[in-house]
Amino acid sequence: MGNLTLSIDGTNVELESGRSFTSVLAGLSIGNKEKILGLYIDGTLYDLHQPIGTGGTVRLVYADTDEGLGILRHSTSHIMAQAVRHLFPDVKLAIGPSIKDGYYYDFDFTEPISSHDLERIEEEMYKIVEEDQRFERFTKPREEALQLFKKENEPYKVELIEDLPDERELSFYKNGDFVDLCRGPHIPSTGYAKALKLLSIAGAYWRGDERNPMLTRIYGTSFFNAKPLKGYLNRIEEAKRRDHRKLGKQLELFSFHEEGPGFAFWLPKGMVLKNKLMEFWREEHEKAGYVEVQTPIILKKDLWVQSGHWENYRENMYTTEIDGTPFAIKPMNCPGGMLIYKEKIHSYRDFPMRVGEVGLVHRHEKSGVLHGLFRVRSFTQDDAHIFMLPSQIKEEIIRVIRLTERIYSVFGFSYHLELSTRPDKSIGTDEMWELATGGLEEALTEIGIEYEISPKEGAFYGPKIDFHLEDCLGRLHQCATIQLDMSFPERFDLTYIDQDGSEKRPVVIHRTVLGSLERFIGILIEHYAGRFPLWLAPVQIVVLPITRDHSEHASFVYERLKSESFRVELDDRNEKLGYKMREAEVAKVPYIVVIGAKEIEASTVSVRKSGKKDLGSMKLDELVSLMEDEITARSRPDELK
RNA sequence: GCCCACAUAGCUCAGUCGGUAGAGCACGUCAUUGGUAAUGACGAGGUCACCGGUUCAAUUCCGGUUGUGGGCUCCA
């Protein structure tokens, strides 16, 4: 048995082949040894108890890193499965990976369980943690492993092994009385999982395919100690507090009704948000050289057959009939836009033609996926189609990216980009797809912006670049999308007359910036926690007289503010100041003005900025110009002093 | 669509191990004229989501429907 050489931080350490890293750890002069969970040797991950067979350069994995947390959570999923097995001996095991903020494990229970069972599973888990069981790794030949799981009646494990490549070594991990097929690595022992919490229970199809059996998935999270767990649970609470469905009701922005599942009703205050947002959108698009059109919501089925929607998007479309002829309700604006283009002959000189359409589209979503404003069946898309020469592709895509960046910057979002490639269900030739995908890539490279690739996620008619917005809680939402389309021009026989007098095909970009107005507003509500910037706030200012004696003057102030086009309310109800003040604060009105004897005497108003910032007294004119500046600049609350 | 859970006053929620229900806020009336996050009293308001079944009796138990919530390919 020969010696191996491990290079750790430039120092060489000798290790006998087949021994684990633990055997040399004691002799090493490095700090934080108790936080080491595993190690990479030339890129291969080992846990501490695993026999090591090759030497190389070592990178240690510590507990207080994302990688370390991932290992912990994966191990915690084993602990959960073990606890579940103790309580429900007949359960069959599927898979249990670590995910972004925790882990899950999928089970096939003989009897359904409910969220009430989570508590006792968690108790059982803590027992296992207290026993501080060692995670031990071993391997088995394929046949033996298959026999084992067949004997133990674990059909999902059998299927997993059968799908693994023949040459793959099958590793197992054992802790206490629990053994699971597992690639590893794991924490050295169960005692490392000091802080854990089961979060929810849900159904999940085996391997995510709805044709497969529905399993029961239990979600949980874990940390190395209690403090970050508490922080994580607080973050969940904060997210609940900001939930747009809750705030939307509380602030009277929109509502949903049983009579229209997935269809939002916009209330007067929500309409202000919608309209102000569109006002801003139109300003920016006009500056960027767009014109605007509007096409009908219902169009003949034949059109959707021609566009390919009937074949590729049928299951998401609502249909109807007019005078015996089948019609469909538009799920997208493009076919209508194509008809407008075809209405006259175009010259290459017309290009690029940037044609916007703020269109109401309807898409059938499965009942189970509806979610507030984020996932609806009817939404307003801030669409546009850009008709152009193939040579203008790169330039136009760059312009769209720049426009999107400009609009997003006003809201203070951060975001990342994704390039989605050809899906399985699609129209067009391979050549078109390559050309189109290449065009998008080229634009991204030229602009020097980072992006990820998401394979097979493109639209059926072309590849796309998506903007994923990150809200202040770090959650991602897809909004803007830029899709390059070389199929519709073909299908709709779009042409232009080129310089040499010949007829040619234009290229089309489909793009949105906000994506869905509904979803975007949902994100805004959560991003601002309902405390909107002044330019968007449904009510910008409320005037509070202290007593009835001050009502007349308050009414004068109110009229003046109204004449300056502010969205202002006068609250001269017969209530105490504190009461009305509280109500204005709860309604998150940005400015609160108090009128009493002192203010009437000095011809001033007493101004309070929502969020307890008392600005003191000032002349009404001062307040007007202060607010005007804030609105014109479209300042965000976090930009103000 | 599928799995699990939930549905009680305008809102947020109690409650009934089967005998037709309660609080706070909001709303109305009255009193109070109060200086920066809730003045007090009184009052009105509910076929306990809908449709069936079991029962002397169902808001409660059972089944169905509708809606809502958490999820449904991040490779053992």
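Every heavy atom of this structure was used, including side-chain atoms; hydrogens, water molecules and symmetry mates were not. On a predicted model such as this, the values are computed, not experimentally measured, just so you know. Each chain gets a letter, A, B and so on, in the order the sequences are listed, and its residues count up from 1.
Between A:F107 atom CZ and B:rG71 atom P there is a gap of 18 Å when expressed in whole angstrom units. Regarding A:L69, its CG atom lies at a distance of 19 Å from the P atom of B:rC74, rounded to whole Å. Residue A:D572 contributes atom CG, which lies 17 Å from atom P of B:rU33 at whole-angstrom precision. Atom-to-atom, CG of A:D571 to P of B:rG34 comes out at 17 Å; the value is rounded to the nearest Å. Atom CD1 in A:I161 sits roughly 14 Å away from atom C1' in B:rC75 (whole-Å rounding). When rounded to the nearest whole Å, the span between CZ of A:F263 and C1' of B:rG67 equals 14 Å.
Set against B:rU33, B:rC3, B:rU39, the side chain of A:M214 has B:rC3 as its closest nucleotide. Nearest nucleotide to the side chain of A:K576, out of B:rU39, B:rU33, B:rU68: B:rU39. For A:R217, the listed nucleotide lying nearest its side chain is B:rU73; candidates were B:rA37, B:rC2, B:rU73. Proximity note for A:D549 (side chain, C-beta onward) versus B:rU33, B:rC74, B:rG70: the nearest is B:rU33. For A:K366, whose side chain is taken as the heavy atoms from C-beta onward, the closest listed nucleotide among B:rU68, B:rG35, B:rG1 is B:rG1. Closest approach to the A:Y219 side chain among B:rC72, B:rG35, B:rG67 is made by B:rC72 (side chain taken as heavy atoms from C-beta onward). With B:rC72, B:rG35, B:rA37 as the candidates, the nucleotide lying closest to the side chain of A:E585 is B:rA37. In the set B:rG70, B:rA37, B:rG35, the nucleotide with an atom closest to the side chain of A:S200 is B:rG70. Closest contact between the side chain of A:R608 and the listed nucleotides B:rU36, B:rG1, B:rC74 involves B:rU36.
Going from the C1' atom of B:rU8 to that of B:rG22 covers 10 Å, rounded to whole Å. One P atom belongs to B:rC25, the other to B:rG71, and the distance between them is 34 Å to the nearest Å. Rounded to whole Å, the separation between the P atoms of B:rA21 and B:rC50 comes to 16 Å. Between B:rG45 and B:rG28, the two C1' atoms lie 10 Å apart (nearest whole Å). Across the C1' atoms, B:rA7 and B:rU12 are found 14 Å apart, a figure rounded to whole Å. Comparing the P positions of B:rA44 and B:rG15 gives an interatomic distance of 26 Å, to the nearest angstrom. B:rC61 and B:rA57: their C1' atoms are spaced 13 Å apart (whole Å). Between B:rU59 and B:rA9, the distance separating the two C1' atoms is 14 Å to the nearest Å.
With RNA chain B read from its 5' end, the first of the two nearest nucleotides for A:D180 and A:L215 is the one closest to A:L215.
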Take A:R85 and A:D180 through the salt bridge (Lys or Arg N to Asp or Glu O under 4.0 Å) test and state the conclusion after the steps. CA-CA 12 Å; A:R85 167 60 57 70; A:D180 198 0; over 6 Å; no
How far apart are the C-alpha atoms of A:D209 and A:R211, what are their side-chain angles, what is the distance that settles it, and do they pass the salt bridge (Lys or Arg N to Asp or Glu O under 4.0 Å) test? CA-CA 5 Å; A:D209 189 328; A:R211 288 164 302 191; 2.6 Å; yes
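At a threshold of 4.0 Å, the pair A:E238-A:R242 counts as salt-bridged, since one of the basic side-chain nitrogens sits closer than that to a carboxylate oxygen. Between A:D66 and A:R73, no side-chain nitrogen of the basic residue sits less than 4.0 Å from a carboxylate oxygen of the acidic one, so the salt-bridge criterion is not met.
Within 4.0 Å of A:L93, counting heavy atoms only, lies no atom of the nucleic acid at all. Within 4.0 Å of A:I95, counting heavy atoms only, lie sugar-phosphate atoms of the nucleic acid but no base atom. Across all strands, A:G368 comes closer than 4.0 Å to base atoms (heavy-atom distances). Counting any heavy atom pair closer than 4.0 Å across all strands shown, A:Y104 reaches sugar-phosphate atoms only and no base atom. Residue A:R548 is in base contact, counting any heavy-atom pair closer than 4.0 Å across all strands shown. No contact: A:I592 has no heavy atom under 4.0 Å from any strand. Among the heavy atoms of the strands lying under 4.0 Å from A:A597 is at least one base atom, whether or not backbone atoms are also near. Among the protein residues, A:E575 comes within range of the nucleic acid bases, having at least one heavy atom under 4.0 Å from a base atom. Using a 4.0 Å heavy-atom distance criterion, A:E599 is classed as a base contact.
Using modelled atom types, one side-chain atom of A:E122 and one backbone atom of A:L198 make a donor-acceptor pair closer than 3.5 Å. Side-chain atoms of A:E136 do not come within 3.5 Å of backbone N or O of A:K174 as any donor-acceptor pair.
Nearest heavy atom pair, residue A:I52 against residue A:S20, reads CD1-C, 4.5 Å.
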Can you name the atoms? Protein N/O to nucleotides 4-13 of chain B N/O, anything below 3.5 Å, with the distance.
none

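Between A:Y103 and A:H74, the distance from one ring center to the other does not fall under 6.0 angstrom.
Side chains of A:Y105 and A:I95 form no contact here, defined as non-hydrogen atoms less than 4.5 Å apart.
Close to B:rA26, at under 4.0 Å from its OP1 or OP2, lies a side-chain N or O of A:Y579. Checking the phosphate oxygens (OP1, OP2) of B:rU68, no side-chain nitrogen or oxygen of A:H371 falls inside 4.0 Å. Put simply, A:R245 has a side-chain N or O that comes within less than 4.0 Å of OP1 or OP2 on B:rG69. Phosphate contact (OP1/OP2 of B:rC3, side-chain N/O of A:T216, threshold under 4.0 Å): absent.
With values rounded to the nearest 0.5 angstrom, A:I113 atom CD1 is found 9.5 Å from A:L87 atom CG.
For the pair A:K92 and A:F107, the cation-pi criterion (under 6.0 Å, within 45° of the ring axis) is not fulfilled.
Side-chain atoms of A:Y205 and base atoms of B:rG1 include a donor and an acceptor less than 3.5 Å apart.
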